[in-house]
Enquirer: 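Can you keep this structure in mind? I'll have questions shortly.
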Amino acid sequence: MVSELIGNAVSHAVPGRDAAACRLVLKLFSDTLWVEVWDPSPDVDVRPREAELLSESGRGLAIVTALCGRPPLVFAVPGAGKTVVAVVPRTA
């Protein structure tokens, strides 16, 4: 999950650049783990998409959604990037 979110931030955050700055924050609560990834991109369209059957990519956000039981949350600040948050339920 962390690899997918960081990979997306680095790969897609700033078109035309080989890499982008990003920040990872992990927050552990009594009932959940929050995986937060910030990147400088203003693009807030972070939704799982249907990957082609034989495609080697395009399934990561669908896997994150399945593991969390819901899509990642997206918090954007105009001109200051966005934070994508995967909220993972903790099990006993």
Enquirer: Taking the side chain from Arg90 and the backbone from Leu33, do they hold a donor-acceptor pair closer than 3.5 Å?
Expert: no
Enquirer: Which value, rounded to the nearest 0.5 Å, describes the distance between Met1 atom CE and Ile6 atom CD1?
Expert: 13.0 Å
Enquirer: Should Lys27 and Val85 count as side-chain neighbours, where that means a heavy-atom distance under 4.5 Å?
Expert: no
Enquirer: Going by salt bridge (charged side-chain N to carboxylate O under 4.0 Å, His left out), name the residues that satisfy it together with Glu4, two or more places apart in sequence or in a different chain.
Expert: none
Enquirer: Measure across Cys68 and Pro89 and return the closest heavy-atom pair with its distance rounded to 0.1 Å.
Expert: O-CD, 3.8 Å
Enquirer: Leu24 vs Val35, test: side chain to side chain contact (heavy atoms under 4.5 Å, CB included). Steps then yes/no.
Expert: CA-CA 7 Å; Leu24 169 67; Val35 179; 4.0 Å; yes
Enquirer: Is there a continuous path of hydrophobic side-chain contacts, each under 4.5 Å between heavy atoms, that joins Val25 to Val84?
Expert: no
Enquirer: Do the side chains of Leu61 and Leu5 get nearer than 4.5 Å, heavy atoms only?
Expert: yes
Enquirer: Is any side-chain heavy atom of Thr32 less than 4.5 Å from a side-chain heavy atom of Val88?
Expert: no
Enquirer: Between the main-chain N or O of Ala80 and the side-chain N or O of Trp38, is there a donor-acceptor pair closer than 3.5 Å?
Expert: yes
Enquirer: Do you know which two heavy atoms are closest between Ala21 and Pro40, and how far apart they sit?
Expert: O-CD, 3.1 Å
Enquirer: Could you see if Val77 belongs to whatever hydrophobic cluster contains Val37? Use Ile, Leu, Val, Met, Phe, Trp, Tyr and a side-chain cutoff under 4.5 Å.
Expert: no
